[in-house]
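Below is one structure, written out as structure tokens; the observations come after it.
In each ligand, atom 1 is the first atom listed, and ligand 1 is the first ligand listed. These values consider heavy atoms only, across backbone and side chains, with no hydrogens, waters or symmetry-generated copies.
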Amino acid sequence: MSRRKGSGFSSASTAEQVTEGIDATALTAIVTGATSGIGVETARVLAMRGVHVIMGVRNLVTAKDVKEGILKEIPTAKLDYMELDLSSVTSVRNFASNFISSGLPLNILVNNAGIYGTPFTLSENNIELQFATNHIGHFLLTNLLLDTMKKTTHESKREGRIVNVASCAYRLSYRGGIRFDKINDESSYSKFCAYAQSKLA
Ligand SMILES: NC(=O)c1ccc[n+]([C@@H]2O[C@H](COP(=O)([O-])OP(=O)(O)OC[C@H]3O[C@@H](n4cnc5c(N)ncnc54)[C@H](OP(=O)(O)O)[C@@H]3O)[C@@H](O)[C@H]2O)c1
């Protein structure tokens with residue numbers, strides 16, 4: 001069990017524990033990669049506290065199952081899903097455009113989706129896949145949604161939050177940190193260093 005910090009919580013605290021007693025019914029959040037792992041739990045607990053959660057997902061079939069599972073436990077949950085493939089610039093742009101067209105406010109953006117340790121692959125935009133998915137996709141998404149978040153903050157008078165789910169693995173990037181000139185260098189590619197690099201970014 002990790003040591004508790006000033007907040008009273010630690011890395012052993014659960015999402016339910018840290019949000020206990022919070023009424024977040026006025027808030028809207030996007031959670032990327034909400035079909036598995038941390039993303040599902042984040043979506044579930046935000047929905048439990050009343051947040052309207054938009055799951056940004058590349059697999060709509062799994063998303064439907066996840067949504068149904070959460071609704072079984074929390075019948076009042078406000079949950080929707082929209083297609084989003086973070087490795088594709090076109091998909092990110094379409095998602096942002098669809099979200100903006102929906103007219104929904106945006107208080108919280110959780111950039112969670114990620115891939116880990118994949119063999120060298122280029123995305124459809126010719127960017128090494130881990131860098132494209134974990135960093136570039138979320139970077140673009142955040143930028144495209146920033147005005148909506150600012151507008152929401154202005155209208156609701158509540159500060160927004162952008163959460164980037166990183167990793168302590170960021171320390172294990174290539175020597176020198178982010179190899180801006182060698183992102184797509186297959187000959188020196190290390191799947192673990194490339195993951196770490198994307199998390200450092
Ligand atoms: N688990 C750990 O120990 C750990 C530690 C440090 C950091 N993290 C970080 O925490 C985050 C979540 O990890 P996790 O363990 O919950 O992983 P996970 O169970 O593998 O879930 C990853 C999620 O990301 C989605 N995803 C992957 N590529 C995508 C893409 N191109 N477009 C849209 N969605 C995509 C997956 O969708 P599909 O279902 O379609 O594959 C899935 O929903 C990641 O950013 C990871 O790097 C995890």
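Considering backbone and side-chain atoms alike, G114 places an N or O below 3.5 Å from some N or O of ligand 1. Checked by distance only, ligand 1 and L86 come closer than 3.5 Å through their nitrogen or oxygen atoms. For ligand 1, the polar-atom distance check finds an N/O of G33 within less than 3.5 Å of one of the ligand's N/O atoms.
Ranking the protein heavy atoms by distance from atom 7 (C) of ligand 1 puts A166 O, 3.0 Å first. Protein heavy atom in closest approach to atom 34 (N) of ligand 1: A113 CB, 3.6 Å. The nearest heavy-atom contact from the protein to atom 47 (O) of ligand 1 is Y195 OH, 2.6 Å. Protein heavy atom in closest approach to atom 39 (O) of ligand 1: T35 OG1, 2.8 Å. The protein heavy atom nearest to atom 44 (C) of ligand 1 is N112 O, 3.1 Å. Atom 13 (O) of ligand 1 has its closest protein heavy atom at I38 CD1, 4.0 Å. The protein heavy atom nearest to atom 20 (O) of ligand 1 is S36 OG, 4.2 Å. For atom 5 (C) of ligand 1, the closest non-hydrogen atom on the protein side is S167 OG, 4.5 Å.
When M55, H138, R58 are ranked by how near their heavy atoms come to atom 38 (P) of ligand 1, first place goes to R58.
Remark: K78 NZ is packed, more than 12 non-hydrogen atoms of other residues, nucleotides or ligands lying under 6.0 Å away. A 6.0 Å sphere centred on CD of E73 holds more than 12 heavy atoms belonging to other residues, nucleotides or ligands.
Contact record, A12 with Q17: O-OE1, 4.3 Å, taken as the closest heavy-atom pair. The two residues M82 and N98 come nearest to each other via the heavy atoms CE-CB, 3.5 Å. Shown here for E128 and A194, the closest heavy-atom pair between the two residues is OE1-CB, 4.1 Å.
Residue T62 places every heavy atom at 4.0 Å or more from ligand 1. Within the 4.0 Å heavy-atom shell around ligand 1 one does not find S88.
Using a 4.0 Å threshold on non-hydrogen atoms, atom 27 (C) of ligand 1 counts as touching the protein. Within a 4.0 Å radius of atom 3 (O) of ligand 1, the protein contributes no non-hydrogen atoms.
Between the side chain of N112 and the backbone N or O of G33, at least one donor-acceptor pair lies under 3.5 Å.
The aromatic rings of H135 and F139 lie tilted to each other, with the angle between the two planes from 30° to 60°.
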